[in-house]
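Every value quoted in this text rests on a predicted model; they were computed, and no experiment measured them. All heavy atoms count here, side chains included; hydrogens, waters and symmetry mates do not. So that the names make sense, note that chain A is the first sequence line, chain B the second, and so on, each numbered from 1.
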There are 2 protein chains.
Amino acid sequence: MSGDTLSGLTRNQTLVLSALERAGAPLSAYTILDQLREEGFRAPPQVYRALDKLVEMGAVHRLESINAFVACRHPDCEGHETAAFAICETCGQVRELNDAHLAHHLRDLAGKDGFVVRKSTVELRGTCATCQAAA
Amino acid sequence: MSGDTLSGLTRNQTLVLSALERAGAPLSAYTILDQLREEGFRAPPQVYRALDKLVEMGAVHRLESINAFVACRHPDCEGHETAAFAICETCGQVRELNDAHLAHHLRDLAGKDGFVVRKSTVELRGTCATCQAAA
DNA sequence: GCTGACATGTTATAAGATTACATTGTTGCG
DNA sequence: CGCAACAATGTAATCTTATAACATGTCAGC
């Protein structure tokens, strides 16, 4: 292997993951790119390639409904293909909801028609407790 | 009112909805645009404006995970904000799953943390029964 | 030192969505 | 009628998100 830094991550992967962990909230690929210009990043593929791998290995989730990426908080949990997310539209914070029940329920629901689920996207947009209280 | 054609839809809204109904499958905004060039469509806003209204009134759903739009098959059902979709990655067909249980479950799950859901996105990608059998 | 595999760098472009502004059309009303 | 007000439409430009294609670098093992 070549540019290892930590537990099998390459330099670019490490940088992208750190940026997401630092943010503690979802970032768009282009925001990450901007934050890593000082580290030498210059073009989108550098970010997207790292993100692809990180998503593949379960360290990062893609939030399809807002075209953004967020570091996974349960690096050791099972259901990376079936996680659900609660996205606060006020503060941008994301909570990862892990519920095996839900995954099962979805599989069953679709399965009634003979549909086989490969990947499920569950994203709830609304207001988190904190922002609710502040309103 | 101005360009009415049917039940309160304007000309452009009618054209866009017809295109989606004709397709019987999800279309991207730009595909719709291309299909409506002969009817005089020339720029994205004409499509997006119509789509916005149609989504708002529940006649069309936006599939966030594939950046596409699909005509709603249950024009009279309740849960337009909580519908779930099974999207076949082989044939492109979409099945709309309506399950009040699921909506409740999601609200409860998020609600444990005090999160209030405004809109939920549930999209399952996989293989439909037909394509499964053909494999 | 060569080679094969993988990571990286770089340019360009595709695809999706919105902003801003000009134009037209309808309606209500003096 | 004439005109103001508003809704829908048309149009150009731009912005954001994502990928394709190709060049370069790096290291392991022979």
Exercise for the section: Report the residue (A:Ala43 or B:Ala29) whose heavy-atom-nearest nucleotide on DNA chain C is the more 5′ of the two. Expected result: A:Ala43
Exercise for the section: Please determine if a side-chain N or O atom of B:Gln46 lies less than 4.0 Å away from the OP1 or OP2 oxygen of D:dT9. Expected result: no
Problem - side-chain N/O B:Arg62 vs C:dA17 OP1/OP2, d < 4.0 Å - result: yes
Exercise for the section: Take the protein atom CD1 of B:Ile66 and the nucleotide atom P of C:dA15, then report the distance between them rounded to whole Å. Expected result: 16 Å
Problem - Phosphate-side-chain proximity, A:Tyr48 and D:dA18, N/O vs OP1/OP2 below 4.0 Å - result: yes
Exercise for the section: Name all pairs fulfilling the ring pair (Phe, Tyr, Trp, His ring centres under 6.0 Å) condition that reach into residues 91-135 of chain B, sequence neighbours left out, sorted by first residue then second. Expected result: none
Exercise for the section: Nearest whole angstrom, please: distance from the C1' of D:dT17 to the CD1 of A:Ile32. Expected result: 12 Å
Handout entry: Selected nucleotide, minimal atom distance to B:Pro45 side chain, candidates D:dA20, D:dG10, C:dT18
Key = C:dT18
Exercise for the section: Can you sort out the partners of B:Ala103 under side-chain contact (heavy atoms from CB on, under 4.5 Å), two or more places apart, ordered by chain and number? Expected result: B:Thr82
Practice task
Would you kindly check whether a donor in the side chain of A:Tyr30 faces an acceptor in the base of D:dA18, or vice versa, at under 3.5 angstrom?
Solution key: yes
Problem - Whole-Å gap separating C1' (D:dT11) and CZ (B:Arg37) - result: 12 Å
Handout entry: Distance-only side-chain donor-acceptor flag, A:Thr121 / B:Arg125, under 3.5 Å
Key = yes
Fill in the blank from the handout: When rounded to whole Å, the CZ to P distance for the pair B:Arg42 and C:dT23 reads 17 Å
Completion exercise
note: B:Glu64, atom CD; D:dT17, atom P; distance rounded to Å ~ 14 Å
Exercise for the section: Please report, rounded to the nearest Å, how far the P atom of C:dG16 is from the CG atom of B:Asp52. Expected result: 16 Å
Problem - B:Asp34 CG - C:dG16 P separation (whole Å) - result: 10 Å
Fill in the blank from the handout: By nearest-nucleotide position on DNA chain D, the 5'-leaning member of A:Thr31 and B:Phe41 is B:Phe41
Handout entry: Closest to side chain of B:Thr10, choosing from D:dG10, D:dA8, C:dA17
Key = D:dA8
Fill in the blank from the handout: Side-chain atoms of B:Pro44 come closest, of D:dT17, C:dA17, D:dA18, to C:dA17
Completion exercise
In whole angstroms, the gap separating C1' of C:dT8 from CG of A:Leu36 amounts to 14 Å
Exercise for the section: Please confirm whether any donor atom in the side chain of B:Arg11 sits under 3.5 Å from an acceptor in the base of C:dG25, or the reverse. Expected result: no
Problem - Residue pair A:Ser65 / A:Glu123, side-chain donor-acceptor N/O under 3.5 Å - result: yes
Practice task
In plain terms, say whether B:Arg37 and B:Asp34 are close enough for a salt bridge, that is, a side-chain N and a carboxylate O under 4.0 Å apart.
Solution key: yes
Problem - 5' priority, DNA chain D, between B:Asn67 and B:Arg49 [closest heavy atom] - result: B:Arg49
